[in-house]
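The first residue in the sequence is number 1, and the count goes up from there.
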Amino acid sequence: MTVKGIKDLEGALEDKFGKQHMRRIVDNALIKGAQVFKREIASQFQSFKDTGQSIKEIHISQPMTVNGVREVKIYWRGPKDRYRIIHLNEFGTIKNPNPDGKGAIQRALRSARNTYINEVRKQIERLL
């Protein structure tokens, strides 16, 4: 399927509502969608949690523009510095090539994809 006229549609919406208003709508939709993804990551991490610190340290960034596109990031930050070992659980190591949490983030991406898209769409429709 090919969708044409996206730039025209974006321009028309910005003309109608204003650039700042459209940015607020998009930012709100991105944050709501990221919350859906964050819940899915947390549910994937439940299967191998020990202390639960990897789940507690999941954060969502504020919306930002990167290469002309608005985005939010999911990251790990907290007192236990779990960000240091998230990649080890996701990909394994030489000594432990198949940890219990191997591929948990990738599974969360696959399973939350449609829900994320629907949530972003719903938020944009609601605010327009």
Side-chain angles (χ1 to χ4, degrees):
M1 173 165 74
T2 303
V3 179
K4 295 184 180 183
I6 295 294
K7 291 291 182 187
D8 296 334
L9 176 62
E10 288 175 359
L13 288 172
E14 282 183 5
D15 289 343
K16 183 174 182 177
F17 297 111
K19 199 170 223 169
Q20 291 297 343
H21 185 70
M22 285 305 297
R23 177 175 268 186
R24 278 193 303 270
I25 290 172
V26 169
D27 288 353
N28 186 38
L30 285 173
I31 289 170
K32 296 289 185 183
Q35 290 169 348
V36 167
F37 182 61
K38 180 180 173 181
R39 283 192 300 273
E40 183 60 32
I41 288 178
S43 73
Q44 291 291 335
F45 278 31
Q46 289 294 330
S47 64
F48 63 92
K49 81 174 189 176
D50 183 22
T51 62
Q53 290 301 315
S54 292
I55 296 170
K56 291 176 187 170
E57 292 188 4
I58 300 172
H59 293 286
I60 300 170
S61 74
Q62 291 298 315
M64 63 188 94
T65 303
V66 177
N67 296 325
V69 177
R70 294 297 283 174
E71 64 180 41
V72 294
K73 296 186 184 219
I74 305 285
Y75 64 98
W76 283 260
R77 184 68 65 203
K80 299 292 184 178
D81 291 334
R82 300 303 286 188
Y83 73 93
R84 295 178 191 269
I85 65 164
I86 294 301
H87 69 284
L88 299 176
N89 278 338
E90 184 67 12
F91 301 110
T93 63
I94 300 263
K95 291 185 179 182
N96 186 8
N98 293 310
D100 291 338
K102 186 171 185 174
I105 297 172
Q106 189 64 36
R107 283 192 305 276
L109 278 170
R110 278 195 308 269
S111 65
R113 184 175 193 279
N114 290 334
T115 309
Y116 169 81
I117 290 169
N118 290 335
E119 183 66 28
V120 169
R121 181 181 297 131
K122 183 173 76 173
Q123 291 300 318
I124 289 175
E125 288 172 355
R126 184 178 69 82
L127 294 170
L128 284 179

Side-chain atoms of residues 39-46: list all donor-acceptor pairs with protein atoms under 3.5 Å, sequence neighbours left out, distances to 0.1 Å.
residue, atom, partner, partner atom, Å
E40, OE2, Q44, NE2, 3.1
E40, OE2, S111, OG, 2.8
S43, OG, E40, O, 2.8
Q44, OE1, R107, NE, 3.1

For the CG atom on D50, are there more than 12 heavy atoms of other groups (residues, nucleotides or ligands in this structure) within a distance under 6.0 Å? no
Membership question, hydrophobic clusters at under 4.5 Å side-chain separation (ILVMFWY): are Y75 and I85 in the same one? no
Same cluster or not: Y116 versus I74, using hydrophobic residues (I, L, V, M, F, W, Y) connected whenever any side-chain heavy atoms lie under 4.5 Å apart? yes
Min side-chain heavy-atom separation [X]-[Y] under 4.5 Å:
X: H21; Y: R24; value: yes
X: E71; Y: K73; value: yes
X: I86; Y: I105; value: yes
X: F37; Y: T115; value: no

Scan residues 79-96 for pairs that pass side chain to side chain donor-acceptor pair (under 3.5 Å), counting only residues two or more places apart or in two chains. S54-R82
Just to verify, what does T65 make a side-chain contact (heavy atoms from CB on, under 4.5 Å) with, not counting sequence neighbours? R23, R70
When every non-hydrogen atom of G92 is compared with those of P99, the smallest separation belongs to CA-CD, 3.6 Å
To the nearest 0.5 Å, how far apart are NZ in K32 and CD1 in I124? 13.5 Å
So that I can tick it off, tell me whether E119 and K122 are bridged by a salt bridge, with the cut-off set at under 4.0 angstrom between side-chain N and carboxylate O. yes
